[in-house]
Amino acid sequence: SREAVLRDLGDREVAYDPRGNTMSLETALAETGRDRFESRRELLNALHPVFEAERRQGGLGGWLESILPF
């Protein structure tokens, strides 16, 4: 369950891109829209699109902000 994952791992920050941007595990789990996962693989498969969407949101705009001084 979502609660068991948070109890076992804590609400840690999880990096979702090479620049080190993070989101909390609790937020990522909530964004899956699920309360239960039958296996570790199912949990990871549910989290993958959440982190991928966050990574894409940064996209070119996030990259430009990181290299330009203004």
> Tell me, do L43 and L29 make a side-chain contact under 4.5 Å, heavy atoms counted?
yes
> Between A30 and R2, what is the shortest heavy-atom contact and its length?
CA-NH1, 3.5 Å
> Does any part of the side chain of F37, heavy atoms only, come nearer than 4.5 Å to the side chain of T32, both counted from C-beta?
yes
> CD of E26 to CD of E3: how many Å apart, nearest 0.5 Å?
9.5 Å
> Which pair of heavy atoms, one from S24 and one from D11, lies closest together, and at what distance?
CB-OD1, 3.4 Å
> Does a side-chain N-to-carboxylate-O contact under 4.0 Å join D17 and R55?
no
> Which is it for N21 and F51 under the side-chain contact (heavy atoms from CB on, under 4.5 Å) test, yes or no, and what are the steps along the way?
CA-CA 10 Å; N21 291 312; F51 292 127; over 6 Å; no
> Looking at CD of E54 and OG1 of T27, how far apart are the two atoms once the value is rounded to the nearest 0.5 Å?
9.0 Å
> So L47 and V14, side-chain contact (heavy atoms from CB on, under 4.5 Å) or not? Walk me through it.
CA-CA 11 Å; L47 287 171; V14 179; over 6 Å; no
> If you measure from the Lys or Arg side-chain nitrogens to the Asp or Glu carboxylate oxygens, is any gap between E42 and R34 under 4.0 Å?
yes
> If I take atom CD from residue Q57 and atom OH from residue Y16, how far apart are they, to the nearest 0.5 angstrom?
7.5 Å
> Does M23 reach the side chain of V50, with side-chain heavy atoms less than 4.5 Å apart?
yes
